[in-house]
Chemist: 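Supplied in structure tokens, the structure appears directly below.
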Number of protein chains: 2
Amino acid sequence: MPDQPQEPRRTPLSRDRVLRAAVAFADAAGIDALSMRRLAQELGVVPMALYKHVANKEELLDGMVEVVFAGIEGQVPGSDWKGAVRGRILGARATLLAHTWAAQVIRSRTSPTPAVLAYLDSVIGMFRAGGLSTDLTHHVMHALGSRVLGFTEELFDNPAGASGAPQDDRAQAAAYEAMARQYPHVTELARSVAHDRRSVVGQGCDDRFEFEFALDLLLDGFGRLHGEGWTSTP
Amino acid sequence: MPDQPQEPRRTPLSRDRVLRAAVAFADAAGIDALSMRRLAQELGVVPMALYKHVANKEELLDGMVEVVFAGIEGQVPGSDWKGAVRGRILGARATLLAHTWAAQVIRSRTSPTPAVLAYLDSVIGMFRAGGLSTDLTHHVMHALGSRVLGFTEELFDNPAGASGAPQDDRAQAAAYEAMARQYPHVTELARSVAHDRRSVVGQGCDDRFEFEFALDLLLDGFGRLHGEGWTSTP
DNA sequence: ACCTGAACACCGTTCAAGT
DNA sequence: ACCTGAACACCGTTCAAGT
């Protein structure tokens, strides 16, 4: 008799299945909840079984980034370099928004995985195809920084620091007054944002608008330098 | 007889001493090595003694950021808004370079601590003093993102992925060849950087140049929009 | 040869027992 | 009232014992 397993083990484990399960788990429970032990449990497997398919947790995280980056869209054929880069980066942004943990994991890696390299290669290629020199393209890529991957460090979640324990109206007004005295410019800005968006305080900003505002400002600046024949060593 | 401690306990513990010890420890051993237990050991104290001065590790990290931001210089009096902001941000960058772990810790916090808020308030005040509208200043702050704090996500440590196990020359050449085929644009860029800097492959880039390149590009863009009377709601 | 339970060396934090 | 040792509920990973 062949040695079939008695327990109904759904599917044989594979590196791909491990990575996809990890991505799904992080999507659902967050990256902090992801541990080797919990992932194993999710797969109905003993923790050490995972180490057959990934060398360690670092490699698991790298693999998760690979899975995510494999799904990036945004090749816009027939546009100039500015439109091409813009479309590609917004495509990356859309993908990363679908996996809220991904930006954090990418940040924690020190060297890029193949899929990330392939993505970057395609963006660099767009600048080069547009006629930008390797010199300018190099500095341009640095200036984009993590924005080229579709995310940026937003400084805070809420513009006016609306966190904290619930308070009665009087205490809240007093706290607001104290804040306005200590941080007048921050408060002014927060108030104007709330007013502009005709909303309650602390709703937050239009992330997509802010991302495109900065991206277009940078791309326009790149175009201007390119037009002037800019070089780093004059 | 008063109840003096028999053991020669150097200095009575205080919140400030705990925070400064934590900063010094992270400076020396890195942020990953910092644990409540190791910090207590460093201070010659039982782990639970720390919890008298900080509620938990989160509060410890917040406090460490406060200590670092209290030391930021860079108020340049008598310059226009562009020079003032530039000087202040480069001051923040100098401080963060002295505490390599700080950027990572700031990133992990969701809401800003008072010293960070005070710093941001001063930068916003510089834009406002220069005549920029609250509307433009708001989007400008978003466009700067973490750069306003003096750091940016650099994508990798080494431009050409020079990591990996040591190899003989032939294997290395083959790996390089394979890389050039798979990521032609990345390779071209890495090669041109190495050539421009007349150095061995993988020395890396001039971080200060890259930071200022992007900062000045953004500040010039802000100035242009300001001059045009830009508004987000035309 | 393959698989895996127990163990190791850590965490941050709670809690009850000691002074 | 204050302080603290032991304990709890976790980690990632090693390793030796079992099949």
Side-chain angles (χ1 to χ4, degrees), chain A residues 1-19 21-23 25-26 28-65 101 104-105 107-110 113, chain B residues 1-19 21-23 25-26 28-65 101 104-105 107-110 165:
Chain A
M1 240 189 183
D3 52 346
Q4 301 266 5
Q6 279 82 350
E7 314 96 6
R9 194 173 289 171
R10 296 174 189 168
T11 322
L13 217 53
S14 70
R15 182 181 165 86
D16 194 64
R17 217 164 83 77
V18 169
L19 296 181
V23 167
F25 185 88
I31 194 70
D32 287 343
L34 178 73
S35 71
M36 299 297 277
R37 291 166 123 104
R38 285 224 47 184
L39 178 59
Q41 188 181 308
E42 208 75 11
L43 284 160
V45 146
V46 84
M48 285 313 298
L50 298 178
Y51 286 81
K52 192 113 305 167
H53 301 99
V54 288
N56 48 37
K57 194 178 181 182
E58 299 281 287
E59 202 181 291
L60 177 76
L61 293 171
D62 279 339
M64 292 168 71
V65 172
W101 48 269
Q104 184 184 329
V105 171
R107 272 193 266 129
S108 73
R109 315 284 80 202
T110 54
T113 52
Chain B
M1 240 187 184
D3 52 344
Q4 301 267 4
Q6 279 82 350
E7 314 96 5
R9 194 173 289 171
R10 297 176 189 166
T11 322
L13 218 55
S14 70
R15 183 181 166 87
D16 193 64
R17 219 165 82 76
V18 168
L19 297 182
V23 167
F25 185 88
I31 194 70
D32 287 342
L34 178 72
S35 71
M36 299 298 277
R37 292 167 122 104
R38 285 225 46 183
L39 178 59
Q41 189 182 306
E42 207 75 12
L43 284 161
V45 146
V46 83
M48 284 313 298
L50 299 178
Y51 286 82
K52 193 114 304 169
H53 302 99
V54 287
N56 49 38
K57 194 178 183 183
E58 299 279 289
E59 202 181 290
L60 177 75
L61 293 172
D62 279 339
M64 292 169 70
V65 173
W101 48 270
Q104 183 185 330
V105 172
R107 272 193 265 129
S108 73
R109 316 283 78 204
T110 54

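Just so we're on the same page: letters track the sequence lines, and every chain starts at 1. Since we're looking at a predicted model, the values are computed, not measured.
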Chemist: To the nearest Å, give me how far apart CG (A:Leu50) and P (D:dC11) are.
Modeler: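 Rounded to the whole Å, the gap is 13 Å.
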
Chemist: Please report, rounded to the nearest Å, how far the P atom of D:dC11 is from the CG atom of A:Leu34.
Modeler: 10 Å

Chemist: Rounded to whole angstroms, how far apart are CZ on A:Arg37 and C1' on D:dT14?
Modeler: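 Atom-to-atom, A:Arg37 to D:dT14, this comes out as 12 Å.
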
Chemist: Could you grab the distance from atom CZ of A:Arg109 to atom CE of A:Met64, nearest 0.5 Å is fine?
Modeler: 10.0 Å

Chemist: Would you check if B:Leu39 and B:Leu60 make a side-chain contact, meaning some heavy-atom pair closer than 4.5 Å?
Modeler: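 Yes. Closest side-chain heavy atoms under 4.5 Å.
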
Chemist: In whole angstrom, give the distance that lies between atom CG of A:Leu13 and atom C1' of C:dT4.
Modeler: 14 Å

Chemist: Take A:Met48 and A:Ala33, find for each the nucleotide of DNA chain D with the closest heavy atom, and name the residue whose nucleotide sits nearer the 5' end.
Modeler: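 By nearest-heavy-atom nucleotide position, the 5'-most residue is A:Ala33.
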
Chemist: Closest heavy-atom contact between A:Asn56 and A:Tyr51?
Modeler: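 What the structure gives for the nearest pair is CA-CE2, 4.0 Å.
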
Chemist: Identify whether any heavy atom of B:Met36 sits under 4.0 Å from a base atom; if not, whether one sits that close to sugar-phosphate; answer base, sugar-phosphate or nothing.
Modeler: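 The answer is sugar-phosphate, as B:Met36 gets under 4.0 Å only of primed atoms, P, OP1 or OP2.
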
Chemist: What is the distance from CD of B:Glu59 to P of C:dG12, rounded to the nearest Å?
Modeler: 15 Å

Chemist: Give me the atom names and distance for the closest heavy-atom approach of B:Ser35 to B:Lys57.
Modeler: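 Heavy atoms of B:Ser35 and B:Lys57 come nearest at CA-NZ, 4.3 Å.
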
Chemist: Would you kindly give the CG-to-C1' distance between B:Leu60 and C:dC11, to the nearest whole Å?
Modeler: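 Going from B:Leu60 (CG) to C:dC11 (C1'), I get 14 Å.
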
Chemist: In the structure shown, which nucleotide is the Watson-Crick or G-U wobble counterpart of D:dT4, with both distances under 3.5 Å?
Modeler: C:dA16

Chemist: Could you give the CD-to-C1' distance, from B:Glu58 to C:dT13, as a whole number of Å?
Modeler: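 These atoms are roughly 13 Å apart.
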
Chemist: Quickly work out the A:Asp32 CG to C:dC11 C1' distance and round it to whole Å.
Modeler: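 Rounding to the nearest Å, CG of A:Asp32 and C1' of C:dC11 are 14 Å apart.
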
Chemist: Under 4.0 Å between a side-chain N or O of A:Lys52 and OP1 or OP2 of C:dC3?
Modeler: yes

Chemist: Can you tell me how far the CG atom of A:Leu19 sits from the CG atom of A:Leu61, to the nearest 0.5 Å?
Modeler: 10.0 Å

Chemist: State which of D:dG12, C:dT13, D:dG5 makes the closest approach to the side chain of B:Tyr51.
Modeler: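 The closest nucleotide is C:dT13.
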
Chemist: Watson-Crick or G-U wobble partner for C:dC10, using a 3.5 Å limit on both distances?
Modeler: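 The base-pairing partner of C:dC10, which may sit in any strand shown, does not exist here.
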
